[in-house]
Amino acid sequence: MGKEIERKFLVGDSSWRGAGQAVLYRQGYLNSDKGRTVRVRIAGERGFLTIKGPSVDGVRREYEYAIPVSDAAEMLEHLCTRPLIEKTRTVVPHDGHMWEVDEFFGENAGLVIAEIELEAVDEAFSLPPWLGAEVTGDSRYYDASLVRYPYCQWQDRESAGRRPAAG
């Protein structure tokens with residue numbers, strides 16, 4: 001059984017840039033019900049199919065499978081809900097952890113989110129200085145939600161400056 005334990009934060013400034021190589025991601029959803037999502041993704045030159053369950057306190061079941069990139073491209077083109085999620089992901093190391101910084105484009109342009117995946121809910125980690133507010137429990141920031149209700153329709157830049165508490 002796969003599990004994902006993840007915390008999400010807004011990014012408060014651009015000092016993370018240059019800390020890693022950006023990879024282009026295109027992804028879409030075959031299903032995005034409240035209790036489950038089925039996602040198709042192309043990350044660089046690789047294709048994936050991912051099934052996720054509901055998030056409860058930052059933990060959810062996740063199963064990810066590599067698929068031919070040509071199949072992923074066809075599914076994105078013909079089967080996925082619009083708009084597609086387009087973003088670059090940069091992996092940024094900080095104090096023994098890897099942070100994934102996603103910079104969104106298209107209808108979600110202007111949104112930059114950092115995620116950290118943890119081994120346990122109570123795992124300690126330090127916060128990079130470029131983080132803003134924590135948005136782990138805010139479903140507006142889930143990629144599946146950004147398809148239904150893109151960032152350009154609700155952006156609130158005032159919350160990006162608050163500093164969260166460390167885990």
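Under the 4.5 Å side-chain heavy-atom criterion for ILVMFWY residues, a single connected hydrophobic cluster contains both Ile85 and Trp154. Val40 and Phe105 are assigned to two separate hydrophobic clusters, defined by single-linkage of ILVMFWY side chains at heavy-atom distances under 4.5 Å. In the hydrophobic clustering of this structure, Tyr63 groups with Val38; members are Ile, Leu, Val, Met, Phe, Trp, Tyr whose side-chain heavy atoms approach within less than 4.5 Å, directly or through other members. Under the 4.5 Å side-chain heavy-atom criterion for ILVMFWY residues, no single connected hydrophobic cluster contains both Met98 and Phe9.
Residues Ala19 and Val92 come closest through the heavy atom pair CB-CG1, 3.7 Å. When all heavy atoms of Ala43 and Phe48 are compared, the closest pair comes out as CB-CE1, 4.2 Å. Ile113 and Lys8 make their closest contact through CG2-CB, 4.3 Å (heavy atoms, listed as atom of the first residue, atom of the second, distance). The two atoms that bring Leu84 and Gly28 nearest to each other are CD2-CA, 3.8 Å, heavy atoms only. Considering all non-hydrogen atoms of both residues, Glu62 and Thr50 come closest at CG-CG2, 3.9 Å. Listed here is the closest heavy atom pair of Gly35 and Pro54: O-CD, 2.8 Å.
Counting only heavy atoms from C-beta outward, the side chains of Leu111 and Gln155 never approach each other to under 4.5 Å. Looking only at side-chain heavy atoms (C-beta outward), Tyr151 and Leu146 come within less than 4.5 Å of each other. The closest side-chain heavy-atom distance from Val91 to Val23 is not below 4.5 Å. In this structure the side chain of Tyr142 never reaches within 4.5 angstrom of the side chain of Thr37, judged on heavy atoms. With a 4.5 Å cut-off on side-chain heavy atoms, Glu74 and Leu76 do not count as touching. Between Leu30 and Cys80, some side-chain heavy-atom pair lies under the 4.5 Å cut-off. Between Pro129 and His94, the closest side-chain pair of non-hydrogen atoms falls below 4.5 Å. Side-chain contact between Glu115 and Asp102 is present, with heavy atoms from C-beta onward closer than 4.5 Å.
Note that CG of Leu79 is 12.5 Å distant from CG of Asn31, once rounded to the nearest 0.5 Å. Rounded to the nearest 0.5 angstrom, Glu134 CD and Tyr141 OH are separated by 12.0 Å. Atoms OG1 and CD, on Thr88 and Glu86 in that order, are 11.0 Å from each other to the nearest 0.5 Å. Atoms CD1 and CZ, from Ile51 and Arg60 in turn, are 12.5 Å apart once rounded to the nearest 0.5 Å. Note that CD1 of Ile5 is 11.5 Å distant from CD1 of Ile116, once rounded to the nearest 0.5 Å. Atom OG of Ser55 is separated from atom CD of Glu4 by 7.5 Å, given to the nearest 0.5 angstrom.
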Determine, step by step, whether Val121 and Glu123 satisfy the side chain to side chain contact (heavy atoms under 4.5 Å, CB included) criterion, reporting the C-alpha distance in whole Å, the side-chain angles of both residues, the deciding distance to 0.1 Å, and the verdict.
CA-CA 6 Å; Val121 173; Glu123 181 178 341; over 6 Å; no

Can Asn108 and Lys87 be said to form a side chain to side chain contact (heavy atoms under 4.5 Å, CB included), step by step?
CA-CA 9 Å; Asn108 293 297; Lys87 61 187 179 181; over 6 Å; no

Test side chain to side chain contact (heavy atoms under 4.5 Å, CB included) applied to Glu45 and Val69, step by step
CA-CA 7 Å; Glu45 300 297 320; Val69 72; 5.7 Å; no

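Of the possible donor and acceptor atoms, none in the side chain of Ser15 sits under 3.5 Å from a partner among the backbone N and O of Trp130. Asp138 places a side-chain N or O within 3.5 Å of a backbone atom of Arg140 that can act as its donor or acceptor partner.
Among residues two or more places apart in sequence or in another chain, the side-chain hydrogen bond (donor to acceptor under 3.5 Å, both in side chains) test is passed with Arg46 by none.
For residues 16-29, the side chain to side chain donor-acceptor pair (under 3.5 Å) pairs, not counting sequence neighbours, are Arg17-Glu103, Gln27-Tyr29, Gln27-Arg41, Gln27-Asp143.
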